[in-house]
Every structure is written in structure tokens, then in C-alpha cells.
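The structure under discussion appears below in the form of C-alpha cells.
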Amino acid sequence: MNKLLKRILLVSLIVLACFSVWIGYETRPVEGRAEKPFILKEKNDFQKLAENLEQEGFIKNKLLFSIYGTMTGKKSEIVAGEHTLKYGSDYKELLADLSTLDRETEAVEMIIPEGITVIEIADRLSKKGITSRDEFIKTAKTWDSLREDQLEILQLEDKKLKKGTKYAMEGILFPDTYFFEKQLDAAEVIRQMTDRFIEKTESIDINTDQTPYEWVTLASIIEKEALLNNEKPVIAGVFMNRIQDSKKLQSCSTVQYLLDKPKATLRRKDLKIKSPYNTYLNDGLPPGPIASPDLQSLKAAADPEKHDYYYFVAKQDGTWSHYFSKTYKEHRKYTKLSGNY
């Protein structure tokens, strides 16, 4: 065999290997384990079906899915109707689900808004008949329900909680719209919501020396303190300045979290309640998050704005914005102006 043929063969083998790797990647199941309704109309052709599956995020490549369905003969077995598909399914599993309506279960839409707590999530899930309130609350107290890959990504492998932590899963249950089956095991609901958290935050780089759990904890405080997205990085910077200078965070939101019921206005006596969540009494962050932060709060906590502010207080003028101060003297001027304590 001459050198030219050898080179052609070598190049062909390299191209074939690269093509095989590409196909393997494109046909690999997408990340996630959550379920979602998928409606297939009567006259929906297979190419349109593949396109819709790609748009909904169930597959990565509509062309390869179409080829697979054609080669296996499965495209002729598709049944019209409302299917419940699961993210993370491979082509074979998706086509099996799309080929019958016998195994379908009712998927309940569940909206989890940002800023709510484990208790509030448990109430909503129970009201919809998705899972037991008491079981969910009990399961959320530890990380034991999480899979090994989830623990690894979140750097929680040792499963060690700080003393006084109310709910280990607080903050990691991502606020979003879900579709759950009824009567699910609480641990499965928690794993699905954690999968969504990991999926939504995988592109965020933490530009501080915080652990992922500390990052979520800070983000949860920002979530409860700020209503304007453009102020969140500024408030994150205030808290980071205080942490770095060994100043107490003095966040009213952390005090509200330790109360049985939040108050419209905190009193001086509330700020003296002994609890690891009281950042008026304790240094640094509380032992864990205090709510489910949204993406903007998580991004702010991961990359706080650099400035010289150490204080902020709400303006109380209906704009939901804050006064920011570098000194306590200036801060006191603003607190008296706005009527805040």
C-alpha cells in the first residue's frame, strides 16, 4: 500500500472516529429527570415531532432522532394524544412512551415562585396532591435523598450540616414551573427540583471563595432583601464587604426566617432572639439558605459588585429601591429619612 492510500485511510479513520463521537454526544440523553406533558396531534408528521422534541429539550438533534425512528421502524408506531415524557430518556425510551397511552399518568402543573421556603413549598405540593407535607418537610431536613452525582456537584458529599440548620434542602429547590405526578415520594420531588437547580446554574461561575452551599445561602439573603434585579449585585457587594471586614451582616431577612410567622416590621427585641440564623448576633452567614433564590440573586452572589458600601436601607417611596451608604453616620441619616429602624 503506497503512502497516499495510507494517508487517505488514516484520514478516513479519523473522520469516522470524530463522526462516531459526535453521534454519540448528540444522541446521549439530555440532563435532568423531570417529567413534562407532551401533546402529539393526529396529523403531526415524524419530522415535526422530532423538531418539537428538540424545542422542548427532550433531545439534542432532531435529524438523528428522525433517522433512528426511521431505521427502527418506530415512527409508524407513534400514537397521538397527551404523553408524559421524562427528561434524561434515550431515543428508545422516548419512542416507547410515544407509542402508547396506556402508561400515562396525570401530570400536575406546579409553580414554585422565587423567595419561598421549604415550608411554603411543602404546603403547595400537599395542596396539589403531589406529595405528603410532613414527609416533604422531614426529607428536606437532610441531604440523604440526593443522588451521589447531585451531592458531588454541590460539594455536599460529607453531608455535614452546620449546627442549627433548619432545612438542608432550603435554597436548593429551584423556583420554576414543574409537572409532577400525583402521590410522588417526597425524595423524588426533591431530586427533581435539585436537578433543575443544577441544570439552571451550571453556567454560573462563583467568583468568590465561597463553597456552593455558602453561595446559595448568600443568594437566598439577597433574594429576600432585594426586589430590583439591578440592585442585587450591589447588595451582594455590601454583604461581601461586611464578611471580609468581619462585620455582622445584620440582615432583617435572616431574623424573619427564624420567626414562626414573618412580621411587617421587626422590633428591637426581635433582633436579640438567640438563633444561628440571627445575623445581628452572629458573625458571617447563617448555617444555611433562608429561601429559594432566583437566577439573578444566584448570579449576584457569585459575582458581587465591587464598591465601598457597607449599609443599605429601603427608600420607602414605592420604588422598591435602596439607599446605599459607606459609613454608619450616612446610613443613620437615611434610616431617619425613610422612617426605617
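Keep in mind that this is a model prediction, so the values were computed, not measured. Values below: all heavy atoms of this structure, side chains included; hydrogens, waters and symmetry mates excluded.
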key: Whether Tyr257 side chain and Ile290 backbone form a donor-acceptor pair below 3.5 Å   = no
task = Check for a donor-acceptor pair, side chain of Thr211 on one end and backbone N or O of Glu214 on the other, with a separation under 3.5 Å.
result = yes
key: Donor-acceptor side-chain pairing of Thr335 and Arg332 below 3.5 angstrom   = yes
key: All pairs passing salt bridge (Lys or Arg N to Asp or Glu O under 4.0 Å) where residues 110-128 contributes a residue, at least two apart   = Asp123-Arg133
Sequence neighbours excluded, every pair satisfying ring pair (Phe, Tyr, Trp, His ring centres under 6.0 Å) that has a member inside residues 147-177 = none
inquiry  = For Glu77, give me all partners under side-chain hydrogen bond (donor to acceptor under 3.5 Å, both in side chains), at least two apart in sequence or on another chain.
reply    = none
query = Who are the side-chain hydrogen bond (donor to acceptor under 3.5 Å, both in side chains) partners of Asp90, not counting sequence neighbours?
reply = none
task = Classify the side-chain pair Tyr323/Glu330 by whether it contains a donor and acceptor separated by less than 3.5 Å.
result = no
inquiry  = What verdict does the side chain to side chain donor-acceptor pair (under 3.5 Å) test give for Asp245 and Tyr310, after you've listed the backbone C-alpha separation in whole Å, the side-chain angles of each residue and the deciding distance to 0.1 Å?
reply    = CA-CA 10 Å; Asp245 285 9; Tyr310 283 82; 2.5 Å; yes
inquiry  = Within the 3.5 Å criterion, strictly below it, is a donor on Glu225 or Ser253 matched to an acceptor on the partner's side chain?
reply    = yes
inquiry  = Can you confirm whether the side chains of Gln47 and Glu51 place a donor and an acceptor under 3.5 Å from each other?
reply    = no
task = Check for a donor-acceptor pair, side chain of Tyr213 on one end and backbone N or O of Ala168 on the other, with a separation under 3.5 Å.
result = yes
task = Just grab all the salt bridge (Lys or Arg N to Asp or Glu O under 4.0 Å) pairs involving residues 287-310, residues at least two apart or on different chains.
result = Lys232-Asp294
Of all pairs that satisfy ring pair (Phe, Tyr, Trp, His ring centres under 6.0 Å), the ones with a partner from residues 220-254, not counting sequence neighbours = Phe239-Phe312
ask   = Would a line drawn from the ring center of Tyr311 to the ring center of Phe324 be shorter than 6.0 Å?
value = no
ask   = Can you tell me how far CE of Met240 sits from CG of Leu249, rounded to the nearest 0.5 angstrom?
value = 10.0 Å
ask   = Can a donor-acceptor pair be found between the side chains of Asp317 and Thr319 at a distance below 3.5 Å?
value = yes
query = When rounded to the nearest 0.5 angstrom, what distance separates OG in Ser275 from CG in Leu281?
reply = 8.5 Å
